[in-house]
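Contents: one structure, followed by commentary.
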2 protein chains.
Amino acid sequence: MSQTPKHSADAPVPTSTDVARLAGVSRATVSYVLNNTSAVRISEPTRRRVREAAEELGYVPHAAARSLRAGHSRMVLLPTAHVPVGPLYSRFLNEVQWALRALDYTVVQYGSLGLGADEAARAWAELRPVAVLSLGEIGLTPHGVRVLKRSGAKAVITLGPQRVEGAHALVMDQRAVGSAAAAHLLERGRRAIGVVVPAEPGLDLFSRPRLAGVRKAVARGGADARVEPLTMAYDEESAARLAADWRGLGLDAVYAYNDEYAQLLMRALQDAGVDVPGECAVVGADDLLLGKLLRPRLSTVHIELPTGREIAELVDRVVREPDGDVERHDLMAAHAVARESS
Amino acid sequence: MSQTPKHSADAPVPTSTDVARLAGVSRATVSYVLNNTSAVRISEPTRRRVREAAEELGYVPHAAARSLRAGHSRMVLLPTAHVPVGPLYSRFLNEVQWALRALDYTVVQYGSLGLGADEAARAWAELRPVAVLSLGEIGLTPHGVRVLKRSGAKAVITLGPQRVEGAHALVMDQRAVGSAAAAHLLERGRRAIGVVVPAEPGLDLFSRPRLAGVRKAVARGGADARVEPLTMAYDEESAARLAADWRGLGLDAVYAYNDEYAQLLMRALQDAGVDVPGECAVVGADDLLLGKLLRPRLSTVHIELPTGREIAELVDRVVREPDGDVERHDLMAAHAVARESS
DNA sequence: TTGAAAGCGGTACCAT
DNA sequence: ATGGTACCGCTTTCAA
């Protein structure tokens with residue numbers, strides 16, 4: 001059980017010099033062999049000796065030294081969100097990583113929880129990533145973008161609700177989500193629409209445009225309709241409090257930000273004796289599995305994200321051609337999925 | 001498509017040499033000033049000039065160069081799971097990152113999706129992290145651990161269901177979860193216990209020990225009781241299929257891996273006309289909020305994870321004292337939370 | 001076919 | 001109080 005530390009503390013890390021010495025060649029040759037440099041012909045016996053030496057020593061090249069010499073790296077840095085995001089989002093994030101690695105990038109997530117936006121940008125810049133891809137919540141300011149570009153980042157790309165000056169923007173207009181929800185509710189004849197706005201900080205980057213989307217749809221679609229923002233935290237107490245006062249609000253529908261908040265609120269409403277959908281329609285968003293499991297089944301807004309491959313290819317394109325003006329909007333399609341709660 | 005690079009497309013990245021030149025001092029002085037080196041006294045006017053020059057150029061030090069020179073880094077690498085994990089887990093992961101950064105480590109997540117275990121270890125080793133902290137699903141083999149240690153990692157720590165030779169292990173015995181669930185069910189008089197085993201690959205590292213825990217508790221507690229493993233995927237069809245055959249299985253209880261699977265299965269059972277808990281008790285795990293929202297309210301197993309700070313401090317300790325024999329077990333406390341579904 | 005050597009961006013020792 | 005310089009590990013001309 002208790003292992004005696006072998007050569008633990010200070011076995012020096014093998015370098016290409018060690019490999020060269022063991023193989024009886026120069027460091028240059030080691031480099032040629034291990035990188036399969038095509039411009040140089042090395043005899044097969046030599047190659048074998050080098051490979052065996054590397055293997056025997058457990059040699060692993062030093063990425064920092066390599067990229068220092070090369071003057072660039074292939075690291076793509078993904079700042080990770082400050083807020084726990086939903087399953088929809090994390091699946092997407094996984095896809096993007098996978099696709100980037102398929103393009104031979106080294107993908108690294110950097111959790112900047114607790115750092116200010118510019119502090120964070122500076123920390124990222126120290127790593128000299130070739131690209132920074134900010135998904136979702138944007139921890140980037142125009143100044144941060146400048147710092148990153150100055151430090152050699154070829155691509156600084158944001159994918160989210162709003163654009164940041166200097167960065168390539170993939171604008172996913174979250175208003176479409178709110179609009180889809182509201183249009184659906186109006187069509188169902190609802191006229192007084194509550195909109196849940198999560199109390200959790202950081203989510204407002206999504207919730208505000210979604211609310212705006214509701215307002216837009218209502219302004220366009222229903223002259224006699226009204227919109228009522230409702231702050232709610234993701235916990236039972238907050239939902240219960242909201243539900244307790246429900247009748248006083250005079251609402252006949254609620255768009256609850258996403259499916260998880262919708263589940264929470266719907267339960268609270270039911271517990272308070274409010275009939276769903278009779279008295280009040282409920283719509284979520286994200287089209288999670290859980291919506292189908294609820295009773296009544298939860299109406300939702302299905303969101304169509306770009307695929308990970310598309311994003312990865314965009315990153316690659318911008319890295320190769322940093323001056324192309326890439327700004328695209330409305331990458332996000334949203335449509336209502338009517339089920340039983342509305 | 002010939003692009004005319006407008007300006008600054010490839011303005012060279014400022015180095016400490018540039019700062020030195022602009023400030024009219026040597027690179028050494030720049031280094032002293034910017035690092036507040038206490039062993040050396042630099043006059044205040046000089047300090048100011050250096051700082052202003054750095055500011056003006058937007059100078060950001062090159063982490064790779066620094067750690068190359070220093071011979072070590074303060075990077076902690078967190079391999080990210082191959083499987084989407086629950087909210088419980090991601091909260092924990094965030095905590096750990098935060099705590100590590102408070103100890104002045106640079107935390108980096110490395111998504112190794114699609115890499116073999118040893119391939120991944122090698123990729124991590126290239127970054128020369130001072131520590132690797134593998135949470136949850138373990139993508140580490142004894143060989144991978146050796147590679148990492150050889151490459152200079154002072155700490156290779158696994159926190160999960162099983163230990164890996166050579167690594168410091170924080171063994172969280174998942175059997176405790178299954179045992180708690182089973183003990184609870186036996187106590188309630190149940191005798192034929194189904195155990196949901198997720199079909200999703202990668203989750204078996206958790207599900208198998210949990211199943212084993214159920215078996216252990218049953219063997220100890222109920223001579224006349226039996227255990228029935230039930231494979232189920234996280235989708236409606238799979239759950240419906242299982243529920244359709246339910247009566248043929250002759251079970252009066254089910255431990256459904258975790259709350260999310262439990263929700264899915266409970267819904268399917270109810271839809272199939274199986275009364276919960278009358279005909280069949282259902283228990284989940286993780287004690288998520290959603291359990292309280294279901295009807296009947298979902299009984300669950302509450303899992304007590306170590307805090308992020310504890311983990312971070314352990315990492316730090318091992319980094320400073322790599323030879324200390326750190327292997328701890330049962331960091332995970334689990335106890336049943338009886339609600340209405342059992 | 002292979003080797004010697006320069007240099008990437010910092011840091012720290014040793015002079016001055 | 002500062003500057004000169006060697007060196008970290010690796011790649012890549014240029015010579016031999």
Side-chain angles (χ1 to χ4, degrees), chain A residues 12-50 53-54 57-75 125-130 150-152, chain B residues 10 12-51 53-54 57-75 125-130 150-152:
Chain A
V13 180
T15 71
S16 74
T17 304
D18 299 318
V19 177
R21 182 167 29 231
L22 182 56
V25 298
S26 73
R27 286 159 52 214
T29 304
V30 170
S31 178
Y32 294 142
V33 171
L34 264 30
N35 296 309
N36 278 316
T37 307
S38 51
V40 167
R41 319 212 60 80
I42 305 282
S43 70
E44 200 45 52
T46 304
R47 303 183 97 89
R48 261 216 6 264
R49 291 216 319 281
V50 170
L57 294 174
Y59 170 71
V60 174
H62 192 309
R66 187 202 300 257
S67 69
L68 184 59
R69 167 66 223 228
H72 61 260
S73 73
R74 287 189 64 81
M75 180 194 296
E126 292 192 355
L127 299 179
R128 296 289 193 271
V130 69
R150 281 238 154 173
S151 78
Chain B
D10 42 2
V13 180
T15 71
S16 75
T17 305
D18 299 317
V19 176
R21 182 168 32 230
L22 182 58
V25 298
S26 72
R27 292 192 308 154
T29 304
V30 171
S31 177
Y32 294 143
V33 171
L34 265 30
N35 295 309
N36 280 316
T37 307
S38 51
V40 167
R41 325 223 80 80
I42 305 283
S43 72
E44 200 45 52
T46 304
R47 303 183 95 90
R48 260 213 10 262
R49 292 211 323 280
V50 169
R51 292 222 167 84
L57 294 175
Y59 169 73
V60 175
H62 193 309
R66 189 201 301 257
S67 69
L68 182 58
R69 167 65 222 225
H72 60 260
S73 73
R74 287 189 64 81
M75 180 196 296
E126 292 191 356
L127 299 179
R128 296 290 192 272
V130 69
R150 280 237 156 159
S151 79

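Letters go in sequence order (proteins before strands), and every chain restarts at 1.
Here the side chains of B:T15 and B:D18 are in contact, with some heavy-atom distance below 4.5 Å. Here the side chains of A:R49 and A:T29 are not in contact, with every heavy-atom distance at 4.5 Å or above. In this structure the side chain of B:V25 never reaches within 4.5 angstrom of the side chain of B:R47, judged on heavy atoms.
In terms of heavy-atom proximity, B:V130 sits nearest to B:S73 at CB-O, 3.4 Å. Of all non-hydrogen atoms in A:A54 and A:V19, the two that sit nearest each other are N-CG1, 3.8 Å.
A:L68 contributes atom CG, which lies 13.0 Å from atom CZ of B:R66 (distance to the nearest 0.5 angstrom). Taking CG of B:L127 as the reference point, atom OG of A:S67 lies at 9.5 Å (rounded to 0.5 Å). One distance of note links OG of B:S151 with NE2 of A:H62; it measures 9.0 Å at 0.5 Å rounding. The distance from the OG1 atom of B:T46 to the CZ atom of B:R51 is 11.0 Å, given to the nearest 0.5 Å. The distance from atom CD1 of A:I42 to atom OG of A:S31, rounded to the nearest 0.5 Å, is 9.5 Å.
The neighbour count for A:R150 CZ, taken as heavy atoms of other residues, nucleotides or ligands under 6.0 Å away, does not exceed 12.
Within residues 15-25 of chain B, the residues approaching DNA chain C are B:T15, B:S16, by heavy-atom distance under 4.0 Å. Within residues 36-48 of chain A, the residues approached by DNA chain C to less than 4.0 Å at the level of any non-hydrogen atom are A:V40, A:R41, A:I42, A:S43, A:T46, in residue-number order. Less than 4.0 Å separates DNA chain D from at least one heavy atom of each of the following residues of residues 62-71 of chain B: B:L68, B:R69.
Using a 4.0 Å heavy-atom cutoff across all strands shown, B:V60 reaches sugar-phosphate atoms only and no base atom.
At C:dT2, none of the side-chain N or O atoms of A:R49 fall inside 4.0 Å of OP1 or OP2 (strictly under the cut-off). For the pair A:Y59 and D:dC10, the criterion of a side-chain N or O lying under 4.0 Å from OP1 or OP2 is met.
One interatomic measurement links the two molecules: OH of B:Y32 to P of D:dG4, which rounds to 12 Å at whole-angstrom precision. In this structure, CZ of A:R27 is placed 15 Å from P of C:dG7, rounded to the nearest angstrom. In this entry the distance linking CG of B:L34 with C1' of C:dG10 reads 11 Å, nearest Å.
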